[in-house]
*Asks:* 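Can you read through this structure? Questions will come right after.
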Protein chains: 2
Amino acid sequence: MEMDWADNQIINTLQENARTSLDQLAHITGLSSATVQRRVKALRDSDVILREIAVIDPSKVGQRMSFVIMVELERERPDQIDIFVRRAMKDRQVQQCYYVTGEADFCLICTAKDMEDFEKLTHRLFFEDSNVRRFRTSVVMGRKKVGLGVFLDDER
Amino acid sequence: MEMDWADNQIINTLQENARTSLDQLAHITGLSSATVQRRVKALRDSDVILREIAVIDPSKVGQRMSFVIMVELERERPDQIDIFVRRAMKDRQVQQCYYVTGEADFCLICTAKDMEDFEKLTHRLFFEDSNVRRFRTSVVMGRKKVGLGVFLDDER
DNA sequence: TCATTTATGAAATAATTTTTCAATAAGCGC
DNA sequence: GCGCTTATTGAAAAATTATTTCATAAATGA
C-alpha cells in the first residue's frame, strides 16, 4: 500500500491513542477530516492497522506477575513445533509467543496471578507436552517498557 | 477498584476490539449504554484501562525483523541499571524492556528494517553503554502470538 | 492533449458518545 | 426493620464524532 507523510502521522498518532478523533488527525496532518477518515479506513482495510485494542494494567486485574520463558523442544519437526505453538497460542496467560533462532526454540511472555498460578501454567504448557526438553524462566521484576509500537519517520 | 462480571466482559471485549460501540457492550452486558459508558469511563479514570492503541503490522511499514535480546550488565547498581533502562525506553525500536531475574538482567523485544538496521541498534544500546557485559540475540522466525491481553474469567 | 481514474473538501446524514434528570437500589446508623 | 444518605441505573436530550454524498481538482496514462 502506497503511504505518505500524512499516513505516517496517522499511524504514529493512533498507536499512541487510538481514540484520537478525525478532527484532531485532520489538524495534525493538514487534511480534511473526510480525507483522514478515508485514509484511516484504507489503513484498516489493508491490514496496516491490524486491530485497535485496550491495554489493561495486569496488576489491576489480579495478574501480578510476568515471566519471560525460553523453551527448548526435543524434536524440531514442523508437526511437533505446531503442536506446541497451538497449545501456547490458545492459552490466555501467554501474551506473546516467538519462534526464534539460537539455543531456545521459543520465547514466551506470560502473566500469572502468583507463583502457584505460574506453576499450573508450566504444567499445562511444558509437562503435558512430552516434546518440551527444557525451559528457562526469568521472573519479571520490572516492566520498564511494554508496547507493540512501530513508530515511523516524522520527516516530510 | 470494585469490579463485577459486566466490567470483566467490557475489559475482555475492549481488549479484542477497542472500537466496540457502547451499544454493543450494552448488549453483551445487559446494561444500558449510558451505564456502560460510565463503566468504561471509570475503568479509564482508574487506569485499569491504561490506554487504547492501534496495533500496526510491522512488516507493512518496513520493519521486517524482530529480535529477542537478553542483556547482561557489568554492574547491577541501581543508578547503572537506570542509565540502561532510560536508553532502552526512549529507543523507538525497543517495543518492550523487562528487568528480569536469572542469568540476564534484561529481556528486550525489538524491531528492525533489516540486519544493518539491527546492527545500528546494537551500537546505540549496547556498545555505547560501557556497562553492558554481553547480550544474546535470538532472531524471530515466527511471531506466533503477539499481544498484551490479560483476559478475565467469564463466569458470572 | 484529452480521457479516465483517483483523491479531495464541504456539507449533509448517520452513528456514537456524553450529559441530564428522575427513579431505583444499596449502605449505614440506630 | 426504619429512615436517611449515597450510589447506580436507564431513558431521553444534547453534543460530538464518523460516514456518505457530491461536485471539483489533481494525477495517470494512452
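Residue numbers start from 1 in every chain, and the chains themselves are labelled A, B, ... in the order their sequence lines are given, proteins ahead of strands.
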*Asks:* What is the distance, rounded to the nearest whole Å, between atom CD of B:E2 and atom C1' of D:dA7?
*Replies:*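 Nearest whole value for this atom pair: 13 Å.
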*Asks:* Work out how much the helix from C:dT1-D:dA30 to C:dA23-D:dT8 bends between its end axes, five pairs an end, to the nearest 10 degrees.
*Replies:*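 Between the axes fitted at each end of the helix from C:dT1-D:dA30 to C:dA23-D:dT8 lies an angle of 30°.
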*Asks:* Check the distance between D:dT21's P and A:K41's NZ and give it to me in whole angstrom.
*Replies:*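 Rounded to whole Å, this separation is 12 Å.
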*Asks:* Suppose we screen for ring-ring contact (aromatic ring centres under 6.0 Å, His included). Which residues come up paired with A:F106, at least two apart in sequence or across chains?
*Replies:*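 Checked A:F106 against ring-ring contact (aromatic ring centres under 6.0 Å, His included); matches are A:F84, A:Y99.
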*Asks:* May I ask you to check whether A:Q9 and A:D154 show a side-chain donor-acceptor distance below 3.5 Å?
*Replies:*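 Short answer, yes.
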*Asks:* Given atom CD of A:Q37 and atom C1' of D:dT17, what is their separation to the nearest angstrom?
*Replies:*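 Between C1' of D:dT17 and CD of A:Q37: 11 Å.
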*Asks:* Does A:D57 have any salt bridge (Lys or Arg N to Asp or Glu O under 4.0 Å) partners at least two apart in sequence or in another chain, and if so, which?
*Replies:*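 Scan of A:D57 (salt bridge (Lys or Arg N to Asp or Glu O under 4.0 Å), adjacent residues dropped) gives A:K60.
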*Asks:* Can you run down the ring pair (Phe, Tyr, Trp, His ring centres under 6.0 Å) pairs that involve residues 130-156 of chain A, sequence neighbours left out, and say none if there aren't any?
*Replies:*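 Ring pair (Phe, Tyr, Trp, His ring centres under 6.0 Å) check on residues 130-156 of chain A returns A:F126-A:F135, A:F127-A:F135.
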*Asks:* Residues two or more places apart in sequence or in another chain: which of them pass side-chain contact (heavy atoms from CB on, under 4.5 Å) with A:R39?
*Replies:*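 A:R39: side-chain contact (heavy atoms from CB on, under 4.5 Å) contacts with A:D4, A:A6, A:D7, A:I10, A:L31, A:T35.
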*Asks:* How would you label the glycosidic angle of C:dA23: syn (within 90° of 0) or anti?
*Replies:*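 Chi for C:dA23 falls in the anti range.
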*Asks:* Between protein and nucleotides 25-30 of chain D, map the contacts as a letter string: B base, S sugar-phosphate only, - none, heavy atoms under 4.0 Å, written 5' to 3'.
*Replies:* ------
*Asks:* Tell me which pairs pass ring pair (Phe, Tyr, Trp, His ring centres under 6.0 Å) where either residue lies in residues 14-46 of chain B, with sequence neighbours left out.
*Replies:*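 Of all non-adjacent pairs touching residues 14-46 of chain B, none passes ring pair (Phe, Tyr, Trp, His ring centres under 6.0 Å).
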*Asks:* Any salt bridge between A:D91 and A:R124, counting N to O under 4.0 Å?
*Replies:*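 The answer is yes: the pair qualifies as a salt bridge.
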*Asks:* Please identify each residue that fulfils side-chain hydrogen bond (donor to acceptor under 3.5 Å, both in side chains) with B:S21, with sequence neighbours left out.
*Replies:*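 B:S21: side-chain hydrogen bond (donor to acceptor under 3.5 Å, both in side chains) contacts with B:Q24.
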*Asks:* Rounded to the nearest 0.5 Å, what separates atom CG in B:D45 from atom CZ in B:R38?
*Replies:*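 Output value for this atom pair is 13.5 Å.
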*Asks:* Please list, in 5' to 3' order, the outermost nucleotides of DNA chain C lying under 4.0 Å from any heavy atom of chain B.
*Replies:*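 Here the contact window of chain B covers C:dT17 to C:dT20.
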*Asks:* Please identify each residue that fulfils side-chain contact (heavy atoms from CB on, under 4.5 Å) with A:R156, with sequence neighbours left out.
*Replies:*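 A:R156: side-chain contact (heavy atoms from CB on, under 4.5 Å) contacts with A:W5.
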*Asks:* So B:E76 and B:D105, do their side chains get closer than 4.5 Å, heavy atoms only?
*Replies:*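 B:D105 vs B:E76: side chains touch.
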*Asks:* If a protein heavy atom is under 4.0 Å from the base, mark B; if only from the sugar-phosphate, S; if neither, -; do that for nucleotides 8-16 of chain D going 5' to 3'.
*Replies:* -BBB-----
*Asks:* What residues, two or more places apart in sequence or in another chain, satisfy side-chain contact (heavy atoms from CB on, under 4.5 Å) together with B:N17?
*Replies:*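 B:N17: side-chain contact (heavy atoms from CB on, under 4.5 Å) contacts with B:R19, B:T20.
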*Asks:* Go through the steps to decide whether B:R136 and B:E72 satisfy the test salt bridge (Lys or Arg N to Asp or Glu O under 4.0 Å), and finish with yes or no.
*Replies:* CA-CA 9 Å; B:R136 260 171 297 205; B:E72 285 175 51; 3.0 Å; yes
